[in-house]
Protein chains: 2
Amino acid sequence: MPSEFDIIETYFAPLAGKEGVGLKDDAAHYCPSPSKKVVLSKDMLVESIHFLPDTNAEDLAWKALAVNISDLVAKGAKPKGYLLGLGLPAMPTIDWLKSFAHGLDCAQTVFKCQLFGGDTVRTNKDLTFSVTVIGEADVDAPLRSGAKAGDHIYVSGSLGGACYGLKSFRKEIAKNADLEQTYLRPQPRMDLISLISNYASASADISDGLVADIGHIVDASSVGAHLKAEDIPVNELINTPNLEEILTWGDDYEIVFTVDPSKEEEMLSYHDRHCSTPIHKIGLVKNDQGVTIVGKDETILSYSKSGFNHF
Amino acid sequence: MPSEFDIIETYFAPLAGKEGVGLKDDAAHYCPSPSKKVVLSKDMLVESIHFLPDTNAEDLAWKALAVNISDLVAKGAKPKGYLLGLGLPAMPTIDWLKSFAHGLDCAQTVFKCQLFGGDTVRTNKDLTFSVTVIGEADVDAPLRSGAKAGDHIYVSGSLGGACYGLKSFRKEIAKNADLEQTYLRPQPRMDLISLISNYASASADISDGLVADIGHIVDASSVGAHLKAEDIPVNELINTPNLEEILTWGDDYEIVFTVDPSKEEEMLSYHDRHCSTPIHKIGLVKNDQGVTIVGKDETILSYSKSGFNHF
C-alpha cells in the first residue's frame, strides 16, 4: 500500500509548477508578476454536502478546482496555481488516485494553472477537498462593493443547469445526462476574465444562487438590484423550470456583474470580439436596497429563501 | 441560531486585514512587497487525527495557525496572512465561536499576520481546519534541497515535549501540565526567521519527527545526515525520555537546518545578538545518504519507523 509520501511523489508531483519545488519542500515559492495584485480564494468541498457520494474521482478533481477558479474569474484574475488539501477517510485505490490525478491534470490545463503544494491527511469519515487558488489581477480588479446606482446588471451563460442536473441524479425529474454534466462539471468562464477586469464595476460568481450573490454585491455597495424575471437566462435543457428554485439555488458558477452605462457599448463590443460565453442584461442598480425581481405583469416576486446556507 | 454569514461577519471579519476586504468579497486582494518571494503553505488538521477531541477552541485556533506558521519560519519567510477553511459537523455554540475567534486573534497578534479570507462549511462528522498561510521571503529562501557535504546540522529549542505532552493527556506518564501545554501550544520560532533566511543552506520544520524531517532534507539534497544522539536537545521536563520515540514522533515544530561552516561563526554571532530561542549543533552532512544516528559508544542507532505517516 502506498504511503502519503508515495501518493504525493507518484500522482501529484507531476502536476506541480516550478513554484511547487517538486512538492519536496514545506512550502511553495512564488514570484508574482510585477505590478499585479495577487488574488487568493479558498473553497472547501465535503462529500454528501457539496457533491454526491460515489462521484467519480475525475469529476471530483474537476469540480474541486473549478469552483475555486470561478472565484478568480469573478475578480478578473488569471489563475496561476493552487494548493490542494486532500482529506481521505481511508487510503484510496490506485485506480481512484490515477483518475483523480488525471482529472486535476485536465482541469489545470483548461484553467491554465499548476499545483503549488498542499497537504494530504486522513479523516475519520469525510472525503474533503480544500483548495486555495492563486491568481493575478490588475490592481483595479472589481470588488463586490463597486456597484453604483444606474449601473446595468449582467449575468453570463445560463442558470439552473446545476440545480436540475442534481434533480436528475436524484430522480426528481426525467433523467437528463446533459444537465447532470452541468452539475458535475461547472465551467468557470475563463474567456470573460479580461472583460470582467476591464469593464465590471462589481462582480461575483454565482455559487449561492443569483438572488443571494447579486444580494452580496448590492449589500456591499449599499445599493439595490432590480431584476427583470423574463430577462434572466434559464438553461434551455430544463423542461419546466421553477424560477424561484433556479434563482435561489447555487452551484451555477456563472458570473453576475455590473457595468457603468457609459462603458456598456465598449464592453459589448469587446465581448463580441473576444468572448464566447454569452452575457445577458438582466437588470438595473438603483438607489435603494435588497434584490427586487419583477415578473412579466410587473408583479414583484418574493422568495422565502435567498440562497444556500450550510446550517 | 446564527447563519454561516453571521459567523463570518461577527467573529471573523474583525480579524481580517485590508487584504480580506472585510471578508465581504469572493477573494482576498494582496499586493506583495516589491522584490520579495511569496511563500505559501497549507496544513490541514482533523479532530482525533491531529488533535484530541474536546480540545478547547482557543487552543485549536492557536494550533491550526501555529503549525502553518512553522512552515513559513522554516523557509525564512515572515507571515503576512492566512486563509481559514473551517469544516464544522454542526453549528457550534456562541461560546465556542467566541473562544475560537479569541484564539485566532491572540495567535495572529503573536505571529504578526491577519486573516485574508477562507470558507466555512458543514461536514458530516469531522471538525476540520484547513489553513493556508502566506508569507514573504528574500529570494534566496532556503529549500530542503540546499544541504551540501560538510554543512553542519542545527536544531532549535528542544524535542519530545509534544510527544510526552500527549502521553500525559493519555495518562501514559504522570500528569505534567507544562508538557501538555507544549503539545497544545506549539511555538513557531518567529525569532529565528531572519537567521534562517540569512544563513541556512537548507531548512525544514519538525512536524513528522527529526529523523523524517532531516531525512527529507538530505534526500532532497542527495547527501546524508550524521547526528550525534547525545547532542540532540531533549525537553528537560521529560523524566525518562525514550530517544527513539522522540526522534520519530512529530509535532515539535522546531526547525532543523544546515549551515555552511564558513558562515557558522557569523551565524552564531547573529544568533547571540538577535535570537532568544536556543539552537544546537547536532551533526554533520556527509557525502552518503540517509540519516545515521551515532550513540554514546559510537554504536549506530537504527529505528523501525522514521516518522509520522497518515495511512
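FYI, side chains are in, hydrogens and waters are out, and symmetry mates aren't considered; it's all heavy atoms of this structure. The sequence lines fix the lettering, A, B, ..., with proteins before strands; numbering per chain opens at 1.
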Taking atom [atom1] of [X] and atom [atom2] of [Y], what is their separation to the nearest 0.5 Å?
X         : Y         : atom1 : atom2 : result
Arg122(B) : Met44(A)  : CZ    : CE    : 13.5 Å
Leu40(A)  : Leu40(B)  : CG    : CG    : 7.0 Å
Phe5(A)   : Asp219(B) : CZ    : CG    : 11.0 Å

Legend entry - N/O donor-acceptor pair under 3.5 Å between Arg144(B) side chain and Lys24(A) backbone: yes
Legend entry - Asp43(A) side chain to Asp119(B) backbone, donor-acceptor under 3.5 Å: no
Given the options [options], which has more heavy-atom pairs under 4.5 Å with chain A than any of the others?
options                                  : answer
Ser203(B), Pro34(B), Ala204(B), Ala77(B) : Ala204(B)
Gly87(B), Ser41(B), Ser130(B), Ser145(B) : Ser130(B)
Ala202(B), Ser48(B), Pro32(B), Gly22(B)  : Pro32(B)

Legend entry - Glu9(A) CD: over 12 foreign heavy atoms closer than 6.0 Å: no
Legend entry - Heavy-atom neighbours of Glu136(A) CD exceed 12 at 6.0 Å: yes
Inset, instruction - Please lay out, stage by stage, how Lys42(A) and Lys42(B) fare under the test side-chain contact (heavy atoms from CB on, under 4.5 Å). - result: CA-CA 11 Å; Lys42(A) 174 195 264 296; Lys42(B) 175 196 263 296; 2.8 Å; yes
Legend entry - Heavy-atom check, side chain of Cys31(B) versus side chain of Lys36(A), under 4.5 Å: no
Inset, instruction - Report yes if some heavy atom in the side chain of Ile49(A) is under 4.5 Å from a heavy atom in the side chain of Asn124(B); otherwise report no. - result: yes
Heavy-atom cut-off 4.5 Å, strictly under: side chain, backbone, both or neither for [X] against chain B?
X         : value
Ile134(A) : side chain
Val38(A)  : both
Val21(A)  : side chain
Asp205(A) : both
Phe116(A) : side chain

Legend entry - Those residues of residues 63-73 of chain A, ordered by number, that approach chain B below 4.5 Å (heavy atom to heavy atom): Asp71(A)
Legend entry - Distance-only donor-acceptor check, side chains Lys125(A) and Thr123(B), under 3.5 Å: no
Legend entry - Test salt bridge (charged side-chain N to carboxylate O under 4.0 Å, His left out) applied to Asp25(A) - qualifying residues, sequence neighbours left out: Lys75(B)
Legend entry - Between Leu84(A), Leu143(A), Leu86(A), the one whose heavy-atom pairs under 4.5 Å with chain B are most numerous: Leu143(A)
